[in-house]
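Here the structure comes first, spelled out in structure tokens, and everything after it is commentary.
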Amino acid sequence: MIRKGQLWRLLFIHRVLVRHNLDDIIFAMHLFRPYRFLLYVMPWHWWRDKTTPSAVRLRRALEDLGPIFVKFGQMLSTRPDLLPPAIAKELAYLQDRVPPFSSDRARAVIEQAYGAKIDDVFAQFENQPLASASIAQVHVASLHDGRELIIKVVRPDIAPVIRRDTDLLQTLAALAERYWPQARRLRPCEVVEDYKKTIHDELDLMREAASASQLRRNFAGSADLYIPEIHWPLTRKNVMAMERIRGIPVSDVASLRAAGVDLKRLAERGVEIFFTQVFKHNFFHADMHPGNIFVEPNGRYIAVDFGIMGSLTTQDQRYLAENFLAFFRRDYKRVAELHVESGWVPGGTRVNEFEAAIRTVCEPIFERPLKEISFGQVLIRLFQTARRFDMEVQPQLVLLQKTLLNIEGLGRELYPDLDLWQTAKPFLERWMRDRIGVRGFFSALRKEAPLWAEILPALPRLVHEALTRASDRVNAKSKDPLPNLNQSVSMITLAMVFVAGVVIGAAVFSRHWWQG
């Protein structure tokens, strides 16, 4: 139910929608459809803008509604499987055009966080922010030892604004699920809840700093990706201090060429970094738009802004890898089976019908040259097809899809002939061998070796206790327990010898395997 405090905000939203000639959105809802005739007696409807596309008007309305709705529109732009293509494309143009807050307020937040004057902490602090966004803004500072830092400061009083608008979005999502039959499958409440969690996580800069630190550790010594170092002594929940980096913006292709960067290799490296994060580390930067990526003259990427990170379950990793490889092989039946096995579509789905639908979507695409195929768009078309088979939104895959679209788009900007499939396929095949093949089997045994080393010494005692209990049960039921007891002893002894043999053999084999 809409609370009194939310009513004024709703009235403001309606005024914005009217200003952009979008009030027909409200009357399209099932709840208000009986009153749609009122739309045609409203004077502003007579002079409505009929030349500007509705997708453009929607984007402008979200910009007028403020940073929370802008960020929500940005998130929705990554869900072209839920939105019409024209709207999804237009929402992708949303930018955080948020004026910076005053340097006096920034200094006050920093001094309160540190419990000290800025001049005592820094040798120099630039009052003019380097950049400003909806959640925070960043300033450049230098320590007394000469090290340059980026100081990220959360906007004062932003938390109540976020709470107000996300609560309202939750209310609207609940109404949509109640009065719009299609909404149950699209799960708007879950989408809003996921957004709410994401944006609240962005308020905690200690969390972002920890994510940056983990990612830096994952790519320590890498020639592909550099992550700036966090300066922990000056990092708080609402203030983060990070090493200042210098590089060429990845969108500045002319400067990259002038620096002698191999654009083809750079594009391929971006794809490799993505799959390394998703499948090897299972921890990926989920906001890889061009504004967060820079390049060193030697061609190494630099990433910043770690407020949104993603990870998958081991099961989702495996299903995704198998899905990708099945796509490469055009094995549509396996793709359909994997969707059922993973629970992404209902268990009662007829695989042969789903396979036929996937084939209809993918075959025309695969007949084109590989360099012209957008892997991200194939996934989108697949999800759109799966919706016909009652596929529900999979929140755990939203960030992955968004990141893949960003990486692929970035790669094609750098090198239009990028063959993402050719770059990704060897990586995925190698990952599958390591996880599911013989190597994966012995790797898993090696990982479990410490546990078995702890259990094996206790096996004789456990066997003795099992035999005692078996003997007691047999004695209670039979006057001649020996045949049954001997059989139990033989089975338990055989099992113990087998387990011990497997563990010892695996330990020896895996040691030679990894040393080799």
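Bear in mind that the values here come from a model prediction, so they are computed numbers and not experimental data.
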Measure from the side-chain N and O atoms of R236 to the backbone N and O of I110, and report whether any donor-acceptor pair falls under 3.5 Å.
-> no
Heavy-atom distance under 4.5 Å between the side chains of F72 and D165, does that happen here?
-> no
Under the 3.5 angstrom rule, does the side chain of N292 hit a backbone N or O of M288 as a donor-acceptor pair?
-> no
Can you list the steps and then say if I150 with E243 is a side chain to side chain contact (heavy atoms under 4.5 Å, CB included)?
-> CA-CA 6 Å; I150 291 293; E243 169 193 2; over 6 Å; no
Residues R59, E63: salt bridge by 4.0 Å N-O rule = yes
I158 and F101: CA distance, side-chain angles, deciding distance, side chain to side chain contact (heavy atoms under 4.5 Å, CB included) verdict = CA-CA 11 Å; I158 189 65; F101 54 92; over 6 Å; no
State whether a side-chain donor-acceptor pair under 3.5 Å links E202 with H200.
-> no
Distance-only polar pair, side chains of Q214 and R217, donor-acceptor under 3.5 Å | yes
In Å and rounded to the nearest 0.5 Å, what is the CG to CD distance from L203 to E208?
-> 11.0 Å
Heavy-atom check, side chain of E268 versus side chain of L418, under 4.5 Å = yes
Does some side-chain heavy atom of V253 sit less than 4.5 Å from a side-chain heavy atom of E413?
-> no
Side-chain touch L428/E322, heavy atoms, less than 4.5 angstrom = no
Spacing of M242 atom CE and K152 atom NZ [to the nearest 0.5 Å] = 7.5 Å
For P156 and R105, work out which heavy atoms get closest and say how close.
-> CB-NH2, 3.3 Å
Intermediate values then yes/no, side chain to side chain contact (heavy atoms under 4.5 Å, CB included), W232 and S213 = CA-CA 10 Å; W232 284 107; S213 184; 4.0 Å; yes
With rounding to the nearest 0.5 Å, note down the distance linking OG in S142 to CZ in F125.
-> 11.0 Å
Taken to the nearest 0.5 Å, the spacing of R155 CZ from S134 OG works out to 7.5 Å
For the rings on F219 and H281, is their centre-to-centre separation under 6.0 Å?
-> yes
Could you tell me whether R412 and D417 have a side-chain N and a carboxylate O separated by less than 4.0 Å?
-> no
Minimum-distance pair of heavy atoms, taken over all atoms of L149 and A241 = CD1-CB, 4.2 Å
Ion pair D262/K264, N-O distance below 4.0 Å = no
May I have the step-by-step check of salt bridge (Lys or Arg N to Asp or Glu O under 4.0 Å) for D145 and R147, ending in yes or no?
-> CA-CA 6 Å; D145 61 8; R147 284 180 292 171; 2.8 Å; yes
Can you see which heavy atom on A212 is nearest to which on I227, and at what distance?
-> O-CG2, 3.5 Å
May I have the step-by-step check of side chain to side chain donor-acceptor pair (under 3.5 Å) for R318 and S342, ending in yes or no?
-> CA-CA 10 Å; R318 185 173 70 81; S342 64; over 6 Å; no
Side chain to side chain contact (heavy atoms under 4.5 Å, CB included) between L91 and L62, intermediate numbers included | CA-CA 9 Å; L91 293 185; L62 290 174; 3.6 Å; yes
Note, V250 side chain near F294 side chain (heavy atom, < 4.5 Å) | no
Could you tell me which non-hydrogen atom of T423 sits nearest to which non-hydrogen atom of P426, and how far apart they are?
-> O-CD, 3.7 Å
Output yes when a side-chain donor or acceptor of Q317 lies under 3.5 Å from a complementary backbone atom of V278, and no otherwise.
-> yes
Within-4.5 Å side-chain heavy-atom neighbours: I308 and D201 = no
For A326 against V335, the heavy-atom pair lying closest together = CB-CG2, 3.6 Å
Pairwise distance CD1(I230) to CG(L205) - rounded to 0.5 angstrom = 9.5 Å
Taking the side chain as every heavy atom from C-beta outward, state whether V153 and N238 have any pair of such atoms under 4.5 Å apart.
-> no
Paired with W431, the ring pair (Phe, Tyr, Trp, His ring centres under 6.0 Å) test is passed by just one of F279, F324, F275, namely F279
Given side chains that start at C-beta, do those of L234 and L143 come closer than 4.5 Å, heavy atoms only?
-> yes
If only atom types and distance count, is the side chain of Q277 paired as donor or acceptor with the main-chain N or O of H285 below 3.5 Å?
-> yes
Pairing of R265 and E272 as salt bridge, 4.0 angstrom limit | yes
Are any side-chain N or O atoms of Y301 and backbone N or O atoms of L266, one a donor and one an acceptor, separated by less than 3.5 Å?
-> yes
Check N298 against R269 and note the closest heavy-atom contact, atom names and distance.
-> O-NH1, 4.3 Å
Residues, nucleotides or ligands: over 12 heavy atoms within 6.0 Å of R107 CZ | yes
Okay, side chain of E90, backbone of V56: is any donor-acceptor separation there less than 3.5 Å?
-> no
Do side-chain atoms of R246 reach the backbone of E296 as a donor and acceptor pair under 3.5 angstrom?
-> no
Can you tell me if CD on E148 sees more than 12 non-hydrogen neighbours from other groups inside 6.0 Å?
-> yes
Atom CZ in F283, atom CG in L312: separation rounded to 0.5 Å?
-> 12.0 Å
Could you go step by step and tell me if H139 and Q137 meet the side chain to side chain donor-acceptor pair (under 3.5 Å) rule?
-> CA-CA 7 Å; H139 294 258; Q137 68 185 33; 3.1 Å; yes
